[in-house]
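Notes to accompany the following structure.
Reminder, nothing fancy here: chain letters follow the sequence lines and each chain counts from 1.
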Protein chains: 2
Amino acid sequence: MSDHDQSPHLTASSSNSNSGDALPPVGEHARQYETVRNAHETELIEDYVELIGDLIQHRGEARAADIATRMGVSQATVSKMIRRLNELGLVTSKPYRSLFLTEEGQKMAETSRARHDIVLHFLRALGVNDHTARIDAEGMEHHVSNETLSIMQRFIDEQTRR
Amino acid sequence: MSDHDQSPHLTASSSNSNSGDALPPVGEHARQYETVRNAHETELIEDYVELIGDLIQHRGEARAADIATRMGVSQATVSKMIRRLNELGLVTSKPYRSLFLTEEGQKMAETSRARHDIVLHFLRALGVNDHTARIDAEGMEHHVSNETLSIMQRFIDEQTRR
DNA sequence: CAAATAGTTTAGCCTTGGCTAACAATGATA
DNA sequence: TATCATTGTTAGCCAAGGCTAAACTATTTG
């Protein structure tokens, strides 16, 4: 039935020089998309936690209003999100008071920040202009595996050690 | 969470040497997040269209069942999505028949495919292993600006011309 | 210290993108 | 040709992440 399987299709448009042309085997292909879907679920969470960590570090505290303006989102949305972060054990908050990260939240914030920094520095080291690099980094950071991250780090090191 | 994970992270420390540490100005910061949110809206659409294009090219036709197994998603979900693509003028479909891309759909498929390929080749040229590169590329492709894309292309060219 | 302003939360709505279950059409084949 | 497996569609559910409007709390200030 579903075993149309991988028909051996010789790269019809051979002009493109590579092995990436053929469709991946079904199972693998599905797993790729699944990975992306999963990343999407955690992405926003990580962005919030990272931002909260940054605000605490640079401003001394994280207030819902600041999060809202920095995220470009309504305060109501932030409030709802904070409830979720609370349920997930990432922040603690008393009503009408400012937020704190739990231990787990702090770990997540640090990891996210580190990843973000590597991607951003990498893009700049590659030659991407600062403004673009920031935007791209914000989107890319959640989709870069640790393997790729460490290769990026190596690239940065080589580049700057020169 | 991320399944393809292992390496240690002694790295972040070294990256404290820069201007990226301070929070960006509020407006700019908000615009970064907005860009990501917008990307999210088109991402899935592009993935479907790209996949449909690939199926047509490699298999001669795109059937809902194949899309479902490749995406790792139920047929009902695909069916619903196809209706949306239809409304957006990206595909044409008669019930119970296989799909075709409109002209606009084809353009989108080509663009997506090209972007995807560049990112994938770039990662491989960087030294990322094929399997990881595929997964990362799938997630990253929608967040890479044209500027970065062309820098990646240049990098590939230099790398392979050696 | 009371009133105004600023900040936070809640209620209720909307859209997306998943799902399952039930039903409908197609096409192979007995 | 009648049956049945495969494929496609529809209905109806759910959670997430937006929004606005209204209610509530905290803080500033007259």
Side-chain angles (χ1 to χ4, degrees), chain A residues 1-5 26 30-49 51-52 55 59-88 90-100 139 142, chain B residues 26 30-31 33-52 55 59-88 90-100 138-139 142:
Chain A
M1 59 163 248
S2 54
D3 293 325
H4 258 48
D5 277 296
V26 179
R31 246 172 283 123
Q32 283 173 30
Y33 287 116
E34 199 198 351
T35 302
V36 176
R37 274 197 303 276
N38 290 343
H40 279 172
E41 283 174 24
T42 46
E43 242 173 273
L44 234 210
I45 304 282
E46 288 180 6
D47 281 342
Y48 272 88
V49 169
L51 177 56
I52 290 169
L55 285 170
R59 289 278 198 280
E61 62 172 3
R63 321 207 48 181
D66 292 332
I67 299 172
T69 50
R70 294 205 100 87
M71 288 287 237
V73 124
S74 76
Q75 290 195 353
T77 298
V78 170
S79 201
K80 205 192 253 190
M81 200 61 187
I82 289 171
R83 194 168 45 229
R84 268 203 82 207
L85 298 179
N86 231 311
E87 286 161 7
L88 293 171
L90 295 165
V91 311
T92 56
S93 64
K94 288 185 226 165
Y96 298 98
R97 300 317 342 197
S98 64
L99 304 169
F100 299 92
H142 307 283
Chain B
V26 180
R31 245 172 284 120
Y33 287 115
E34 200 199 349
T35 303
V36 177
R37 274 197 303 277
N38 290 342
H40 280 173
E41 282 174 22
T42 47
E43 240 171 276
L44 234 211
I45 303 282
E46 288 180 5
D47 280 342
Y48 271 88
V49 169
E50 188 182 334
L51 177 55
I52 290 169
L55 285 170
R59 290 278 201 278
E61 63 173 1
R63 320 207 53 187
D66 292 331
I67 298 172
T69 50
R70 292 214 165 249
M71 288 285 235
V73 124
S74 76
Q75 289 196 353
T77 297
V78 171
S79 202
K80 206 192 252 190
M81 200 61 187
I82 288 170
R83 198 181 330 140
R84 267 203 84 206
L85 297 179
N86 232 312
E87 286 160 7
L88 293 171
L90 294 166
V91 310
T92 57
S93 64
K94 287 184 229 170
Y96 298 98
R97 300 326 326 205
S98 63
L99 305 169
F100 300 92
E138 189 61 58
H142 306 283

Practice task
Identify the two heavy atoms, one from A:H142 and one from A:A39, that lie closest to each other, and give their separation to 0.1 Å.
Solution key: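 What the structure gives for the nearest pair is O-CB, 4.0 Å.
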
Quick one: [X] [atom1] to [N] [atom2], roughly how many Å, whole number?
{"X": "B:E87", "N": "C:dG17", "atom1": "CD", "atom2": "P", "value": "12 Å"}
{"X": "B:R83", "N": "C:dG18", "atom1": "CZ", "atom2": "P", "value": "14 Å"}
{"X": "B:I67", "N": "D:dT7", "atom1": "CD1", "atom2": "P", "value": "13 Å"}
{"X": "A:Y33", "N": "C:dG17", "atom1": "OH", "atom2": "P", "value": "15 Å"}
{"X": "B:E46", "N": "C:dT16", "atom1": "CD", "atom2": "P", "value": "16 Å"}
{"X": "B:M71", "N": "C:dG17", "atom1": "CE", "atom2": "P", "value": "10 Å"}
{"X": "A:I45", "N": "D:dA15", "atom1": "CD1", "atom2": "P", "value": "15 Å"}
{"X": "B:E43", "N": "C:dT16", "atom1": "CD", "atom2": "C1'", "value": "13 Å"}

Handout entry: Presence of A:R84 side-chain N/O under 4.0 Å of D:dA16 phosphate oxygens OP1/OP2
Key =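 The answer is yes; a side-chain N or O of A:R84 sits under 4.0 Å from OP1 or OP2.
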
Does any part of the side chain of [Y], heavy atoms only, come nearer than 4.5 Å to the side chain of [X], both counted from C-beta?
{"X": "A:T35", "Y": "B:E138", "result": "no"}
{"X": "A:D66", "Y": "A:R63", "result": "yes"}
{"X": "B:R37", "Y": "B:H40", "result": "no"}
{"X": "B:R84", "Y": "B:Y48", "result": "no"}

Completion exercise
Under a 4.0 Å heavy-atom criterion, the protein footprint on nucleotides 20-29 of chain D, written with B, S and -, is BB--BSSS--

Practice task
Answer with base, sugar-phosphate or nothing: what part of the nucleic acid does B:I82 contact at a heavy-atom distance below 4.0 Å?
Solution key: nothing

Practice task
Check every strand shown and say whether B:V78 touches a base, only sugar-phosphate, or nothing at a heavy-atom separation below 4.0 Å.
Solution key: nothing

Handout entry: Polar contact flag, side-chain donor to acceptor under 3.5 angstrom, A:N86-A:T92
Key = no

Exercise for the section: With the side chain of B:V73 defined as its heavy atoms from C-beta on, choose the nearest nucleotide among D:dC19, D:dT10, C:dC19. Expected result: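 So the nucleotide nearest the side chain must be C:dC19.
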
Handout entry: Upstream residue (5' side of DNA chain C) when A:R37 and A:A64 are each assigned their closest nucleotide
Key = A:A64

Exercise for the section: Name the residue closer to the 5' end of DNA chain C, choosing between A:D66 and A:K80 according to the nucleotide with the nearest heavy atom. Expected result: A:D66

Handout entry: Atom pair CG (A:L99) and CD1 (A:I67), whose distance is rounded to the nearest 0.5 Å
Key = 5.0 Å

